[in-house]
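To start, the structure itself, in structure tokens.
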Amino acid sequence: MFKKIYELITHPEHRHTVFHSILALSIRVMGAGMSFAFNLVVARQLGAEKAGIFFLALAIAIVLSAIARLGFDNTVLRFTAANSQNGKTVKSILHFTLRFSVPFATLIAVLTFYNAPFIAGVIFKKNLLENVLQYISPAIVGFAIVSQLAMSLQARHKIFYSIPCQNIAHFFLCGAIIFAFQTKSPESIALYLSLSLGVSSSFFYWVSLKGINSNGSPLNSNGSPLNSNDIWSSARPNWFTTIMSQTVQWCAPIIIGLILASEQVAYFSVAQRIALLTSFILMAVNLVVAPKFAKYRANGDDLSIKKTALFSVKLLILSACPVVLFMLLFPKLLMGLFGKEFEQGAVLLQILVLGQAVNVITGSVGVLLQMTGYEKDMRLVTMVSGFGVLASVPFFTKLYGPIGAASSMAFFISLQNLLAVYFVKKRLGFNTLAFWRRVT
């Protein structure tokens, strides 16, 4: 035991991973708390029916923003990490991706705004959804921008900014406004979220450009290690992967909204958001290891990739087990915080937590494949899980209600990660589930 601790302290890369993972986890815990508080305020202010409408509109906006990003988020992370010391290259990568994704996101937002009556009344048969969807449509652009800014900051190890950019700042601002004005309208909350995303994306755009050096060369210039074709070659498979990943994560509440009452959407959405708190630990570790994977791959250092990946799995299991056990043992307590009526979603929480537990214990396999150039393998993995969710969730929701949707979702999240483990073994030569083995 003492020998292991000594190895940990003396190994510079492991020490760096632990320190920055603890820092990232600390900020992630604040982010998880903020997300939890935001969902709590929304649920308590609106009640189950109106909260269900808001969470349904939010899920639609998140999925549409994933389409709008054109697969650039992980591409920004990969190439910025590999060229993090070259300021001109970093800046041109970010501006190149925003130049295409922001107009596309704006187009999707405008189409969503004008088609909201049809989406709400004809597709979902929920007239209350119309105005909420219109007010939240600008958030599609905001989510697309903050995602890419967060990846650029993460690639440069600016964890203190990247995590708030991705999922803390806008929810904090929106939650504070809701609490201050005691808002009880889903339309107003949707508008506040859109405005909050506008403020946070503007601020973090300024932060992302601040202090960038003048080293390196812009894309497509003489002496540049990259050109636009490199960006697009990575983004195309990443685009499909991102869409399918978001489909696996967010299509269940949308499908429940199509089939069942708004209250059922609220119960499922709250349970899902609580279960996702376990994955914040994985996200915190990913923030640290993803740029390392990209850098090691660029340098041809496969042994360091293996050591970092297996070490991060140990870190994840150690951190996540207490959280998973607490959620499995006390689901009614956690759901009851959102209101007495939400306690009936306790079983949903237990099912969804099991799926997220597999997500955590398999390690950073998705990020590992994407950062080492195997985006096409990850595309295949997410295609299987994405189409599996799209086919099974409607079927099992009709048969068993939200429990059927939760079971299907948990199964395919688990399958997605296990398939990624298989491809990591096939391409990189090691199994992340065999984390106890000594690395040589």
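Basis for what follows: all heavy atoms, side chains included, without hydrogens, waters or symmetry-related copies. Each residue takes its place number in the sequence, starting with 1.
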Per the side chain to side chain contact (heavy atoms under 4.5 Å, CB included) rule, which among Val365, Ile413, Leu433, Val381 passes with Leu418?
Leu433
Check against side-chain contact (heavy atoms from CB on, under 4.5 Å), Leu58 and Leu193:
CA-CA 10 Å; Leu58 180 58; Leu193 180 59; 3.7 Å; yes
Close side-chain approach of Glu49 and Leu128, heavy atoms under 4.5 Å
yes
Under 3.5 Å: donor-acceptor pair, side chain of Ser408, backbone of Gly404:
no
Run Val270 and Met335 through side-chain contact (heavy atoms from CB on, under 4.5 Å) and show every step you take.
CA-CA 8 Å; Val270 167; Met335 292 295 292; 3.9 Å; yes
When you measure from the side chain of Ser65 to the backbone N and O of Ile62, does any donor-acceptor pair fall under 3.5 Å?
yes
side-chain contact (heavy atoms from CB on, under 4.5 Å), that's the test. Do Thr372 and Arg427 meet it? Break it down for me.
CA-CA 10 Å; Thr372 52; Arg427 302 300 186 192; over 6 Å; no
With side chain to side chain donor-acceptor pair (under 3.5 Å) as the criterion, how do Ser234 and Glu375 come out once you've worked through the C-alpha distance, each side chain's angles and the decisive distance to 0.1 Å?
CA-CA 7 Å; Ser234 174; Glu375 295 98 332; 3.0 Å; yes
Do Phe430 and Val424 have side chains that approach each other closer than 4.5 Å (heavy atoms only, starting at C-beta)?
yes
Side chain proximity check, Leu419 to Ser385, heavy atoms < 4.5 angstrom:
no
So, Gln45 side chain and Thr183 main chain: donor-acceptor pair closer than 3.5 Å or not?
yes
Where is the tightest heavy-atom contact between Ala59 and Pro253, given as atom of each residue plus distance?
CB-CG, 4.1 Å
Could you pull out the closest heavy-atom pair between Ser304 and Asp301, with the gap in Å?
OG-OD2, 2.6 Å
Any side-chain heavy-atom pair from Trp250 and Gln272 closer than 4.5 angstrom?
yes
How close do Gly52 and Val265 get, heavy atom to heavy atom, and via which atoms?
O-CG1, 3.5 Å
Do you know which two heavy atoms are closest between Ser392 and Phe412, and how far apart they sit?
OG-CE1, 3.2 Å
With a 3.5 Å distance limit and no angle check, can you tell me whether Lys126 reaches the backbone of Gly257 through a side-chain donor-acceptor pair?
yes
Could you measure the distance from the CG atom of Leu352 to the CG atom of Leu276? Nearest 0.5 Å is fine.
8.0 Å
Atom pair NZ (Lys376) and CG (Asn238), whose distance is rounded to the nearest 0.5 Å:
11.5 Å
Side-chain heavy-atom pair Asp302, Tyr296 within 4.5 angstrom cut-off
no
Interatomic distance, Leu348 atom CG to Ile274 atom CD1 [nearest 0.5 angstrom]
10.5 Å
Check whether any side-chain heavy atom of Phe96 lies under 4.5 Å from a side-chain heavy atom of Trp232, and answer yes or no.
yes
Donor-acceptor under 3.5 Å (Thr382 side chain, Arg379 main chain):
yes
Within the distance-only criterion (no hydrogens, no angle test), does the side chain of Ser188 pair as donor or acceptor with the backbone N or O of Lys184 below 3.5 angstrom?
no
Looking at Phe423, I want to see if its CZ is surrounded by more than 12 non-hydrogen atoms of other residues, nucleotides or ligands under 6.0 Å.
yes
Tightest non-hydrogen contact, residues Thr247 and Gly386, listed as CG2-O, 4.2 Å
Got a list of side-chain donor-acceptor pairs under 3.5 Å for residues 132-151, not counting sequence neighbours?
unit_1: Gln134; atom_1: NE2; unit_2: Phe113; atom_2: O; d: 3.2
unit_1: Ser137; atom_1: OG; unit_2: Gln134; atom_2: O; d: 2.7
unit_1: Ser147; atom_1: OG; unit_2: Arg69; atom_2: NE; d: 3.4
unit_1: Gln148; atom_1: OE1; unit_2: Thr97; atom_2: OG1; d: 3.1
unit_1: Gln148; atom_1: OE1; unit_2: Ser101; atom_2: OG; d: 3.4
unit_1: Gln148; atom_1: NE2; unit_2: Ser101; atom_2: OG; d: 2.8
unit_1: Gln148; atom_1: NE2; unit_2: Ala144; atom_2: O; d: 3.2

Go through it in stages, so that I can follow the logic: the residues are Met327 and Leu277, the test is side-chain contact (heavy atoms from CB on, under 4.5 Å), and I'd like the CA-CA distance, side-chain angles, deciding distance and then a yes or no.
CA-CA 10 Å; Met327 290 185 181; Leu277 295 178; 3.7 Å; yes
Gln416 side chain reached by Val384 side chain, heavy atoms, under 4.5 Å
no
Given side chains that start at C-beta, do those of Leu316 and Ile361 come closer than 4.5 Å, heavy atoms only?
no
How far apart are the closest heavy atoms of Ser364 and Ser312, and which atoms are they?
OG-OG, 4.4 Å
Interatomic spacing from CG in Leu46 to OG in Ser262 - rounded to 0.5 Å
11.5 Å
For the backbone of Phe72 and the side chain of Trp239, can you confirm whether one donor and one acceptor N or O come within less than 3.5 Å of each other?
no
Is it the case that the side chains of Arg156 and Tyr161 hold a donor-acceptor pair, with the cut-off being a distance below 3.5 Å and no angle test?
no
Backbone N or O of Leu368 within a donor-acceptor pair of the Arg297 side chain at under 3.5 Å?
no
